[in-house]
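Here the structure is laid out as structure tokens; the discussion comes afterwards.
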Amino acid sequence: MDRYDLIVIGSGPGGYRAAVLGALRGLKVAIIERRDWGGCCLNRGCVPKKAWHHSAKWIAQSRALASRGLRAKVTADLGVAWEHQREVVATVRDSYESYMKRLGITALRGHGRLLDAQRVELSAGDTVQTIEGAHIILATGSSPRLPSWSGEVPGRVLTTDTLFDEPPPAGKRVALIGSGVIGTEFAFILTLLGKEVVWICGGEPLARSLFSNQARRTLREAMANYDIAPRTGARVQSARVGDDGVALTLEDGGEETVDWVCLGTGRVPHTEGLGLEAAGIETDAAGFVVRNAHLQTAAANVYAIGDCTSPAMTANQALADATLAIDNILGDTPRAQDPLWVPEAIYSAVEMARIGMDEDTAEDEDLEPAVGFAAFETSPRALGQGDTAGFVRLLGDMDSGALLGGEIVGSEAAELIHLLALAPDRDTALRWLARGAYNHPTRAEELLNAAETMASKWGLRDHIFG
């Protein structure tokens, strides 16, 4: 029986990160994947979706070319865009596999199932083998949640997984179902890539997120520039799939006929067939693997990370979990997870990113938040780019001047949020921003302006300026 210091089940962003970091820190590592190396994020999630979003942004920006003295007409072809994302994915996947090989990670293809807290059975076709690991990390990800009124129907009812797995169906009119992150992103992407999108939402888009009302209002206004508006308060009651399209009946009595449907109805943790009970590991009522703050399951040497553990279900969270799990496996003093301080981002008609607490969360902790604000509408860089939508919004503690959270809306928000995520210390993060030297003109300068505004407006000069 082959023995390893670490066995990772699942090769998505969390599993891949755990395997690589474990190997870099001297562990003998095996990683198991039953489908495509890189998991959902690489093959049918974050990576290809961002490739499409970049194309959509180019199309959006082309509307302003004439005012900049440029003459061009940009049109979209979703079929060609699909081929492009496949090339991107293949390039990244090859890089992943090559890097694991160079690090000496044993990559095993097949289905992994726990026999107990240290042994894993690997099934690949008719071949079955057992391997043993001092530590095991479960990183099995999630699958699309299918609504009660329809399963997947090739060419007619698609999840975002199948949208990237197969070339997009023919037809221009598309029903997009869902008001969460997936729906919010694809409403913009599919529209700019040439589809007539009917966006059906049970509630207001992103209403359950921690993004502020101001952020969501900015997004609505940006969407309206492209005639994108959700049909809220509408839920699909039934679907009739035919050779010529899909007829949807809504609970409010309305009907929509479309060429095909894209489901953005959430995801569910993938834990089926993992043999969790053999290791004494439990799942909660929603199907997530139960773990403690150190990411350990009931079997102390078995850790669980990413989508199979938490409704957060982002690659960012999986990557942060992976780092913490390896630190706790190798460290003497375990650290606890701090999910609020993992950045989250949304790529839509306007880019949005946030980290830390919002005002309600801060007040629930008996903290009194101060706000520092700076709009991109006066930023020389944003004005030069012709892209002034959005703002920087920082939250600080009135008593200590500590950074409580931050939100950035606008171009490159997902990159800029790292200035908050990587601040050396939250207690002094605002002072760190205020004392920094910045390139000019840049969007990053608005973090400086927001911190200085907070210092002046809320009497935090001593805390922030020193």
Side-chain angles (χ1 to χ4, degrees), residues 7-18 31-36 38-41 43-46 110-117 120-121 123 136-152 157-162 177-183 202-203 208-209 235-236 263-322 324-325 337 339-340 342 344:
I7 298 172
V8 181
I9 304 178
S11 73
Y16 174 79
R17 167 70 175 159
I31 185 169
I32 298 171
E33 175 57 59
R34 71 171 189 169
R35 195 175 176 185
D36 301 315
C40 175
C41 175
N43 295 284
R44 52 195 66 87
C46 328
H111 175 72
R113 181 175 69 89
L114 298 177
L115 297 177
D116 53 37
V120 176
E121 179 184 84
S123 303
I136 298 171
I137 293 179
L138 305 176
T140 51
S142 61
S143 305
R145 183 191 303 276
L146 299 178
S148 59
W149 47 266
S150 180
E152 291 185 65
V157 181
L158 286 67
T159 67
T160 50
D161 279 14
T162 52
I177 316 297
S179 60
V181 174
I182 294 173
R208 296 182 181 180
S209 75
R235 298 181 187 276
V236 177
L263 300 174
T265 46
R267 301 183 69 85
V268 294
H270 184 75
T271 57
E272 183 180 354
L274 281 180
L276 300 179
E277 63 285 348
I281 298 171
E282 297 179 345
T283 56
D284 64 17
F288 294 107
V289 177
V290 176
R291 61 181 184 174
N292 63 20
H294 304 137
L295 311 187
Q296 293 167 295
T297 66
N301 68 306
V302 180
Y303 291 72
I305 66 175
D307 284 12
C308 68
T309 66
S310 163
M313 289 190 173
T314 68
N316 306 348
Q317 190 65 62
L319 291 164
D321 280 0
L324 181 60
Q337 184 194 41
L340 274 180
V342 175
E344 58 179 310

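What you see below is based on every heavy atom in this structure, not just the backbone, and it leaves out hydrogens, waters and symmetry mates.
- Here the CG atom belonging to D307 is positioned 9.5 Å from the SG atom belonging to C41, to the nearest 0.5 angstrom.
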For this session: Using the side chain to side chain contact (heavy atoms under 4.5 Å, CB included) rule, take L138 and L276 through it: C-alpha gap first, then chi angles, then the decisive distance, then the call.
Result: CA-CA 10 Å; L138 305 176; L276 300 179; 3.7 Å; yes

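- Residue H294 comes nearest to Y303 through the heavy atom pair O-CE2, 3.5 Å, listed as atom of the first residue, atom of the second, then distance.
- Interatomic distance, CZ of R113 versus CD1 of I32, reported as 12.0 Å (0.5 Å rounding).
- Side-chain atoms of T297 come within 3.5 Å of backbone N or O of V302 as a donor-acceptor pair.
- Of the possible polar contacts, none joining the D36 side chain to the G39 backbone as a donor-acceptor pair under 3.5 Å is found.
- For A325 against I137, the heavy-atom pair with the smallest separation is CB-CD1, 4.1 Å.
- In this view, A286 and D284, F288 satisfy the side chain to side chain contact (heavy atoms under 4.5 Å, CB included) rule, not counting sequence neighbours.
- Here the OG atom belonging to S209 is positioned 7.0 Å from the CD atom belonging to E344, to the nearest 0.5 angstrom.
- One finds the CD1 atom of I177 at 5.0 Å from the CH2 atom of W149 (value rounded to the nearest 0.5 Å).
- Counting only distance, with no hydrogens or angles, the side chain of E33 and the backbone of S11 share a donor-acceptor pair below 3.5 Å.
- Nearest heavy atom pair, residue R145 against residue T265, reads O-OG1, 2.7 Å.
- Scanning for side chain to side chain contact (heavy atoms under 4.5 Å, CB included) contacts around N301 gives A117, Q118, H135, A299, with sequence neighbours left out.
- Looking at heavy atoms from C-beta onward, S123 lies out of side-chain contact with R34 at the 4.5 angstrom threshold.
- If you take OG on S142 and CG on D161, they are separated by 8.0 Å, rounding to the nearest 0.5 Å.
- Not counting sequence neighbours, E282 has no partner by the salt bridge (charged side-chain N to carboxylate O under 4.0 Å, His left out) test.
- Rounded to the nearest 0.5 angstrom, I281 CD1 and I136 CD1 are separated by 7.5 Å.
- Looking at residues two or more places apart in sequence or on another chain, you find a side chain to side chain contact (heavy atoms under 4.5 Å, CB included) between L146 and E152, T159, L263.
- Qualifying side chain to side chain contact (heavy atoms under 4.5 Å, CB included) partners for T140, counting only residues two or more places apart in sequence or in other chains: I9, H270, L274, C308.
- Taking each heavy atom of A318 and I305 in turn, the nearest pair found is O-CD1, 4.3 Å.
- Of all heavy-atom pairs spanning P144 and V268, the tightest one is O-CG2, 4.4 Å.
- Side-chain contact between V120 and L114 is present, with at least one heavy-atom pair separated by less than 4.5 Å.
- Heavy atoms only, all atoms of each residue included: A293 and L324 are closest at O-CD2, 4.3 Å.
- Annotation: salt bridge (charged side-chain N to carboxylate O under 4.0 Å, His left out) contacts of D321 (sequence neighbours excluded): R291.
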